[in-house]
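For the single chain, residues carry numbers from 1 onward in sequence order. In each ligand, atom 1 is the first atom listed, and ligand 1 is the first ligand listed.
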Amino acid sequence: MIYLDNAATTRVCEEAKNAALQGFETFGNPSSLHHLGVVAEGVIDEARGVLAGSLGVKEKEVFFTSCATESSNTVIFGAARAYGKRRKKIITTTIEHPSVAEPIRVLEEQGFEVVRVSPGEDGKITPESITRHVDKNTLLVSVMYVNNETGYILPADKIFKAVKRISPETVCHCDCVQSFMKLPFKVKELGADCISLSGHKLHAPKGVGALYIRSGVRILPLLCGGGQESGQRSGTENVSLISALAAAVKRLEPTIMQRYETVAALKKRLTDRLAGREGIHINSGDDCSPYVISIAAERIKSETMLHFLESKGIYVSSGSACSKGKKSGVLSELKVADKYLDSTIRVSLCAENTEEDIDAFVQAFIEGQESLAKIR
Ligand code: PLP
């Protein structure tokens, strides 16, 4: 099997697996006052320390959630509940993941004014395109760091800094799901007040995520109850998966640059081999995150190519996994030509992929392009 769908989810690493299993043994409730509870609480504290260290933030600013979708929903609805009486405008982009786009749409239905900024003709979002809408009424700016469909890297740091210069009180949120542990960054340099993270995109299991909220920013909780996670996210903590998330971060953090270079070389190998071939178009430019490569074989439906590759034991996505075969609005927003929209597949890498994986993919993709064109 050749797995090239790492933007959808990743294989759980040994370290995370072992930490999860160990976590099941640590079965006490972290809120219990007895020894078993204290041990479980210690596991969570340690994990929080790992996450805080990797983000360059205080431990009390990190909260564990069930997934990035929950993290982003918490920020968007929680900011609206905390500040929405006075400020009614939300600014975002047209290329956000549904976990951000949908809660914002719900707030729009409830009367918030939403400005969705499209990339320019060059497929890029500029800080000015966002800041021209910022005013004293702006509640929230939510901009992702790396787009999950093409790997496009947004100038999120420049955007947040520019927003803060105009309106320091505006909450700046960043979906860092496709950048955390892939690009080297610290929250301070990024300048976001809140960021969303997901475990299963970085070799931890599904069902665990994290949320950073800068001290002093008020985000009312989505889940209320026993007051766990300092009241920010009630519900008994998932000790096992939280521990696994921290183990994956511990494993990946020292090698962010090394893995980036490995993956960048794999992307180059893939694009060099396909460049110039008639009917093949690489949607992801050289300035995109190398972890995501969006490619189209003209006139061959994404799903047809996906299943052809699958028949060769190669796993990719059509556009993005979340769009489940639906035509991607994000790709057209990113100025991918109409003729490629239905034919785009997403190859997403991790550092465990090899040159042989890439060569097998290229060979199968070309074979697919040639044989499927005949039977269309
Ligand atoms: N944001 C981005 C950019 C993603 O790629 C994904 C998952 O595909 C998510 C958010 C949602 O993450 P989760 O599955 O942890 O809710």
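Under the ring pair (Phe, Tyr, Trp, His ring centres under 6.0 Å) criterion, Phe180 pairs with no residue at all, not counting sequence neighbours.
Here's the thing with Ala68: one of its N/O atoms is less than 3.5 angstrom from an N/O atom of ligand 1.
Contact atoms of ligand 1 toward Met144: 3 (C) (distance under 4.0 Å to a heavy atom of the residue). Residue contact check: Asp175 has heavy atoms under 4.0 Å from atoms 1 (N), 2 (C), 3 (C), 10 (C) of ligand 1. Below 4.0 Å from some heavy atom of Cys67 lie the following atoms of ligand 1, by number and element: 13 (P), 15 (O), 16 (O). Distances below 4.0 Å separate heavy atoms of His200 from the following atoms of ligand 1: 13 (P), 14 (O), 15 (O). Annotation for ligand 1: atoms under 4.0 Å from non-hydrogen atoms of Ser99 are 1 (N), 10 (C). Listed by atom number, the atoms of ligand 1 under 4.0 Å from Gln178 heavy atoms are 3 (C), 4 (C), 5 (O).
Contacts with ligand 1 closer than 4.0 Å are made by no heavy atom of Glu70, backbone or side chain. With a 4.0 Å heavy-atom cut-off, ligand 1 is reached by the side chain of Asn148 but not by its N, CA, C or O.
Of the candidates Asn147, Asn283, Thr150, Asn283 is the only one forming a side chain to side chain donor-acceptor pair (under 3.5 Å) with Ser294.
The other residues sharing a hydrophobic cluster with Ile219 are Phe63, Val75, Ile76, Phe77, Tyr83, Ile90, Val100, Ile104, Val106, Leu107, Phe112, Val114, Leu139, Leu140, Val171, Leu211, Ile213, Val217, Leu222, where clustering joins ILVMFWY side chains under 4.5 Å apart.
Met305 and Gly368 get closest at one heavy-atom pair: CE-C, 4.0 Å.
Counted within 6.0 Å of NZ on Lys158, heavy atoms from surrounding residues, nucleotides or ligands total 12 or fewer; the atom is thus considered open.
Look at Lys201 and you'll find a heavy atom under 4.0 Å from some atom of ligand 1.
Checked against a 6.0 Å centroid threshold, the rings of Tyr145 and Phe185 count as neighbours.
We find that Lys136 and Glu169 are not joined by a salt bridge, their nearest charged nitrogen and carboxylate oxygen being 4.0 Å or further apart.
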